[in-house]
2 protein chains.
Amino acid sequence: MAKSTKPFGNAPLPTEAELAILQILWKLGPSTVREVHTALQSRRTGYTTALKQMQVMTEKGLLTRSERYRSHVYEARIPQEQTQLLLTRNLLQRAFDGSAKDLVLGALSAQPVSASELAEIRKMLDRFEKRNS
Amino acid sequence: MAKSTKPFGNAPLPTEAELAILQILWKLGPSTVREVHTALQSRRTGYTTALKQMQVMTEKGLLTRSERYRSHVYEARIPQEQTQLLLTRNLLQRAFDGSAKDLVLGALSAQPVSASELAEIRKMLDRFEKRNS
DNA sequence: GATTATATACGACGAAGATCGTTGACATAC
DNA sequence: GTATGTCAACGATCTTCGTCGTATATAATC
């Protein structure tokens with residue numbers, strides 16, 4: 001029993017290093033280990049480290065792997081938005097006692113937010129307001 | 001060298017279990033190990049586990065301890081808002097590439113948000129808009 | 001077909017986190 | 001003053017994460 005075939009749902013939240021790899025794959029699309037590794041200059045880590053990690057991630061259901069070619073091609077199994085949602089929900093529960101308002105406050109305080117970004121956020125609020133009515 | 005006396009700044013981000021304990025202390029105020037442990041029913045963990053964890057947290061600078069009484073009294077050393085801010089900033093960098101907008105989107109999508117809460121969020125936006133002008 | 005370059009597979013290790021058992025100190029009740 | 005209960009201290013274990021070294025497969029080149 002492993003090799004889960006479910007969509008996701010059972011995939012665990014990615015760890016720190018796993019998230020870094022996912023970021024690359026979301027940006028580049030399906031990639032080989034080498035491509036991911038070189039895109040990962042920030043972390044001064046070896047090639048086999050990235051390889052191992054991606055293998056583990058595949059077992060966990062975070063990635064899928066195509067072995068058709070000599071160099072296996074990996075792909076994120078879960079879309080970025082889905083993962084962001086889960087991570088946010090997780091933080092919301094763990095640190096904010098479920099208060100979305102406080103989390104938004106945190107997000108805005110965490111770094112300077114441009115005026116245009118504030119405008120976009122307002123638009124989102126409008127959309128949510130309609131949805132709830 | 002340990003026993004840091006700085007305000008915080010050097011205190012690390014709390015781990016999962018540590019955050020759960022901090023939540024209790026923020027809510028109850030200064031408390032003994034037993035009080036924290038009983039307030040922590042969710043985690044089916046033993047008394048000594050909580051004790052050990054709080055001792056470690058004290059070494060790390062996350063808690064302070066008063067030994068005046070027979071039962072030591074622990075207190076969160078870092079205010080809740082400060083920790084929330086750091087955690088949010090952390091998530092923002094790790095998973096959202098710094099896009100506050102996407103994080104807000106995540107926060108609103110993570111769970112149903114009431115109309116009154118939306119209104120409060122709007123007020124916050126107003127405040128931020130003024131601040132940036 | 002021997003050499004070289006590049007992949008993957010496998011296993012190990014160290015650090016950190018979480019959990020708990022045991023021990024010894026210290027009260028309080030009998 | 002002995003027994004009982006509560007507490008802090010300490011050390012041990014187990015797990016997860018991140019990291020890498022080594023071995024093995026395979027393709028390309030000479």
Side-chain angles (χ1 to χ4, degrees), chain A residues 2-3 10-25 30-75 83 87 90-91 94-95, chain B residues 2-3 10-25 30-75 83 87 90-91 94-95:
Chain A
K3 284 284 177 185
N10 49 348
L13 282 183
T15 67
E16 180 76 23
E18 291 173 346
L19 193 52
I21 290 177
L22 282 174
Q23 297 269 26
I24 305 284
L25 288 175
S31 309
T32 65
V33 174
R34 179 145 309 274
E35 288 167 334
V36 169
H37 173 246
T38 50
L40 216 53
Q41 343 86 316
S42 52
R43 309 176 156 261
R44 291 245 179 284
T45 179
Y47 174 86
T48 45
T49 303
L51 168 65
K52 178 69 167 186
Q53 227 138 20
M54 290 168 76
Q55 288 172 341
V56 169
M57 289 172 76
T58 304
E59 280 171 18
K60 283 188 186 175
L62 289 171
L63 304 183
T64 58
R65 171 170 55 189
S66 158
E67 306 185 357
R68 270 174 298 172
Y69 314 101
R70 173 145 153 63
S71 308
H72 297 178
V73 173
Y74 291 82
E75 184 173 4
T83 302
L87 286 170
N90 181 258
L91 182 65
R94 279 189 9 235
Chain B
K3 285 284 180 185
N10 51 345
L13 282 184
T15 67
E16 179 77 23
E18 290 173 347
L19 193 52
I21 289 177
L22 282 174
Q23 295 270 29
I24 305 285
L25 288 176
S31 309
T32 65
V33 173
R34 179 144 310 276
E35 288 167 334
V36 170
H37 174 246
T38 49
L40 216 54
Q41 342 86 317
S42 52
R43 308 177 156 260
R44 292 246 179 284
T45 179
Y47 172 86
T48 45
T49 303
L51 169 63
K52 178 69 167 184
Q53 225 135 23
M54 289 168 75
Q55 288 172 341
V56 170
M57 288 171 77
T58 304
E59 281 172 17
K60 283 188 186 176
L62 289 171
L63 303 183
T64 58
R65 171 171 55 191
S66 157
E67 307 185 357
R68 271 174 297 172
Y69 313 101
R70 173 149 154 61
S71 308
H72 297 178
V73 174
Y74 290 82
E75 183 173 5
T83 302
L87 286 170
N90 181 259
L91 182 64
R94 278 187 12 233

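Below, chains carry the letters A, B, ... as their sequence lines are ordered, and counting in each starts from 1.
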**Item:** Helix axis bend for the helix from C/dG1-D/dC30 to C/dC30-D/dG1 - C1'-based end axes, five pairs, 10° rounding
**Value:** 20°
**Prompt:** Looking at residues at least two apart in the chain, or sitting in another chain, which of them share a side-chain hydrogen bond (donor to acceptor under 3.5 Å, both in side chains) with B/S66?
**Reply:** B/R68
**Item:** side-chain hydrogen bond (donor to acceptor under 3.5 Å, both in side chains) partners of B/R44, counting only residues at least two apart
**Value:** none
**Pair listing, ring-ring contact (aromatic ring centres under 6.0 Å, His included) test, anchored in residues 48-70 of chain B, at least two apart** = none
**Qualifying residues under salt bridge (charged side-chain N to carboxylate O under 4.0 Å, His left out), relative to B/R94, sequence neighbours excluded** = A/E16
**Item:** Sequence-aligned protein contact record of nucleotides 7-18 of chain D, with B where the base is within under 4.0 Å of a protein heavy atom and S where only the sugar-phosphate is
**Value:** SBB-B-----SS
**Asked** Rounded to whole angstroms, how far apart are CZ on A/R68 and P on D/dT26?
**Response** 19 Å
**Message:** A/S71: which residues meet the side-chain hydrogen bond (donor to acceptor under 3.5 Å, both in side chains) condition with it, sequence neighbours left out?
**Reply:** none
**Asked** For A/H72, what residues pass the ring-ring contact (aromatic ring centres under 6.0 Å, His included) criterion, not counting sequence neighbours?
**Response** none
**Message:** Just to verify, what does A/E18 make a salt bridge (charged side-chain N to carboxylate O under 4.0 Å, His left out) with, not counting sequence neighbours?
**Reply:** A/K60
**Asked** For DNA chain C, which nucleotides open and close the run of contacts to chain A, 5' to 3', at under 4.0 angstrom from a non-hydrogen atom?
**Response** C/dT6 to C/dG11
**Asked** Taking the side chain as C-beta and beyond, is there a heavy-atom pair between B/Y74 and B/T32 under 4.5 Å?
**Response** no
**Request:** Might you point out which heavy atoms bring A/L62 and A/P12 nearest each other, and give the distance in Å?
**Result:** CD2-O, 3.5 Å
Show which side-chain atoms of residues 51-58 of chain A pair as donor or acceptor with protein atoms under 3.5 Å away, not counting sequence neighbours.
{"residue": "A/T58", "atom": "OG1", "partner": "A/M54", "partner atom": "O", "Å": "2.7"}

